[in-house]
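We're numbering straight along the sequence, starting at 1. Not measured: the values here are computed from a predicted model.
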Amino acid sequence: MKTKFTSICFILSFISNVNLIAQLPVSTLPQNKKVVLEEFTGIHCGACPYGHLISENIYNSDPNNVILINIHHGSVAVPFYNEPDFQTSDGNAIAAMPGMGVSGYPEGAINRTIFTGSVMAMNPNDWTTYANVVKTQPAYCNVAIQGTLNAQTRVLTVQAEVYYTANSPQPTNYLTIALLENDIPGPQSDFPGYNPTNYFPDGNYKHKHVLRKIITPTFGTPVSPTTAGSLYSSTFTYTVPNFYPSTGTNTTTCLLGRLELVAFVTETNSITINAARGPIFINNITYQRDIAVNNLTTEDEVCFGGINPKFWFINYGSDTVTNVTFTYSINGNTTSNITWTGTCMPYAQDIVVANNINFSSNPNTNTLQIGVLNVNNNPDQNASNNTTSKTIPTTTLISPGVNMQMDFYQDQFGSEIRWKVIDESNGNIVAQDGPWSDLPSIGTLLHTKTFTLTNNNCYKLIITDDFGDGACCYFGNGSYDLKCNGNSIFSGPANYGQELIKWFKTDINASVSNNIQFTEIISIYPNPANEKIHILLNPQQDSNFKISIINTLGQLVYTSNEKISVKRVIEINTQNFNTGLYHILISNENNSFSKTISITR
């Protein structure tokens, strides 16, 4: 089988291939101000994609005169377990500066100027109006910037110039140089679908213009003199880390081809006068052709054997890549090819989507392997990063009949919830329900739906929540229970976040006892807890359990691994835990379970 894909690489770089406002030397001709929009946002802010949409429209209408800086800040930016942390100390300081006045999300400041009310931060609906106002105002200085980035040492050398075409009212101004990163894949609450086109094919949101580091002091380095005809010139260096944050469980890889370099001058620490975006030239690249494949994702399970894998590749070579031939094999069988064509610059990345790959599944597990055959019709020069693989279990969940019933308890916000059952063989929806009406207050409401399936067939249950918080926890403890002939075959609390997918097969000769419900063999008590919590585990066979406890800041406060074959109670001392809510995550080889508990004193 040969599959072909055509794409344009999502990133901006080799010489950071964004619209370049100003590279060296700095212009000496009078200019109007450029717009600098500092947007306060967060991955758990459902309305923030609306702000992203407004700011991108402002940028796209006049890219040479607009700079966007997305500052992830506040409670909406706090990551949950294993989510990326885009917060920075620089961003927190900017949000807290006198006069900024961030009171909600999304909000943004344009050129750190108070246009309406008493603070700089304003609603997205006002951004376009005041961005247009700024572009009519004369600037008394011009800014230019460019960087050189060593691919091996990751040392970024930045040259910046400021030229004064008129006198500044202040004897000292301040130059701020910021490093941003574009098109970072990650989670994002988006309710009710404000920005539906801003997603990668694997479902990750495209996080753009993310503030990574201010290379100068947070509020700039002094520039003086500031009289007409004065020229300021300086060089800065910064070693770009491999990850942001550099340590911890909430890191994301910093890809050099996604970086964006911007600079702006303020009168003091507010009132931005002018700005520039400049190129980043990447040098000292080892190979001409070096494709690395990673982040392979596909279905969590299979039944008959149908997958739609997706994987990323990074161009670590110095050549611009226009075609790559990838290989794939399943369970060690015949190798097939996937051909990608497009444009991918050095240290940029792209995603490959291979739909409708069918195979005969093994009884227990299946292995998918992806490799690189050639790059630009020539061999890849670095074989060490050419392959990636993934194990895909074959579902063991059996419905011992075809007469089905779904009992679903919504939480307060039923309008966010829906479920459907899909026939894996043809993709047809055979049953569905939701969304439902919202309740007037916190609580739950049962919805029951019956339907009939076909024997000896494979199905996929999909439950989704538009807001991404499941049907649980703070707005009512919802649940789901998929039954056959009155017996539960798959059930649990509706704390699935944005989506839950489960495969199952119908077999009228099977017994319901073949399905062991993970949620039925675990008990956590007391809740609320004080000095101790107890976790009851009662596996039906030898099992390796991992227990993790996460606080609301996304920090791991407890972890252990337990090999258990008989009923056992795990006691955890919580005397040193702060009061508040904690997420307990428990997983074994086949299943996972989570529960929110409260620690009180």
N/O donor-acceptor pair under 3.5 Å between Glu260 side chain and Leu180 backbone: no
Is the ring centre of Phe40 less than 6.0 Å from the ring centre of His72? no
If only atom types and distance count, is the side chain of Thr113 paired as donor or acceptor with the main-chain N or O of Phe115 below 3.5 Å? no
Keeping the roles fixed (side chain from Asp380, backbone from Ile291), state whether a donor-acceptor pair exists under 3.5 Å. yes
Go through the steps to decide whether Asn315 and Gln349 satisfy the test side chain to side chain donor-acceptor pair (under 3.5 Å), and finish with yes or no. CA-CA 6 Å; Asn315 177 17; Gln349 70 172 4; over 6 Å; no
Is the Tyr164 ring parallel, tilted or perpendicular to the Tyr140 ring (thresholds 30°, 60°)? parallel
Just checking Tyr582 against Phe577, ring centres under 6.0 Å apart? yes
Could you walk me through whether Asn125 and Asn123 pass the side chain to side chain donor-acceptor pair (under 3.5 Å) check? CA-CA 5 Å; Asn125 294 328; Asn123 186 282; 3.2 Å; yes
Taking Trp127 for its side chain and Met122 for its backbone only, find out whether a donor-acceptor pair lies under 3.5 Å. yes
Backbone N/O of Thr272 and side chain of Asn111: donor-acceptor pair under 3.5 Å: yes
Heavy atoms from other residues, nucleotides or ligands near CG of Asn378 exceed 12 (cutoff 6.0 Å): yes
Flag, side chain of Asn376 to backbone of Thr322, donor-acceptor distance under 3.5 Å: yes
Are Phe313 and Phe326 an aromatic pair by the rule of ring centers under 6.0 Å? yes
Checking the side chain of Asn57 only, and the main-chain atoms of Leu53 only, is there a donor and an acceptor separated by less than 3.5 Å? yes
Please report the closest heavy-atom contact between Thr165 and Cys141, naming both atoms and the distance. OG1-N, 4.2 Å
Treating Glu161 as the side-chain partner and Val26 as the backbone partner, does any N or O pair qualify as donor plus acceptor under 3.5 Å? yes
May I ask you to decide if Cys45's main-chain N or O and Gln188's side chain share a donor-acceptor pair within less than 3.5 Å? yes
Report yes if the side chains of Asn65 and Val35 come closer than 4.5 Å at any heavy-atom pair, otherwise no. no
Of all heavy-atom pairs linking Ile145 and Arg277, the shortest is CG2-C, 4.0 Å
Please test Asp350 against Trp340 for side chain to side chain donor-acceptor pair (under 3.5 Å), starting from the C-alpha separation and ending with a verdict. CA-CA 10 Å; Asp350 204 350; Trp340 172 93; 3.1 Å; yes
Set out, in order, the CA-CA distance, both residues' side-chain angles and the distance that settles side chain to side chain donor-acceptor pair (under 3.5 Å) for Ser318 and Gln288, then state yes or no. CA-CA 5 Å; Ser318 59; Gln288 283 182 266; 5.4 Å; no
Ring pair (Phe, Tyr, Trp, His ring centres under 6.0 Å) partner of Tyr347, chosen from Phe281, Tyr287, Tyr316: Tyr316
In terms of the angle between their ring planes, are Trp312 and Phe200 parallel, tilted or perpendicular, with boundaries placed at 30° and 60°? perpendicular
Aromatic centroids of His209 and His52 separated by under 6.0 Å: no
Atom NZ of Lys546 with >12 non-hydrogen neighbours under 6.0 angstrom: no
Verdict with reasoning, His73 to Phe86, per side-chain contact (heavy atoms from CB on, under 4.5 Å): CA-CA 8 Å; His73 171 263; Phe86 296 141; over 6 Å; no
Taking C-beta and beyond as the side chain, do Ile214 and Tyr238 meet within less than 4.5 Å on heavy atoms? no
Return yes if some donor-acceptor pair links the side-chain N/O of Glu267 with the main-chain N/O of Gln170 below 3.5 Å, else return no. no
Min side-chain heavy-atom separation Phe219-Arg112 under 4.5 Å: yes
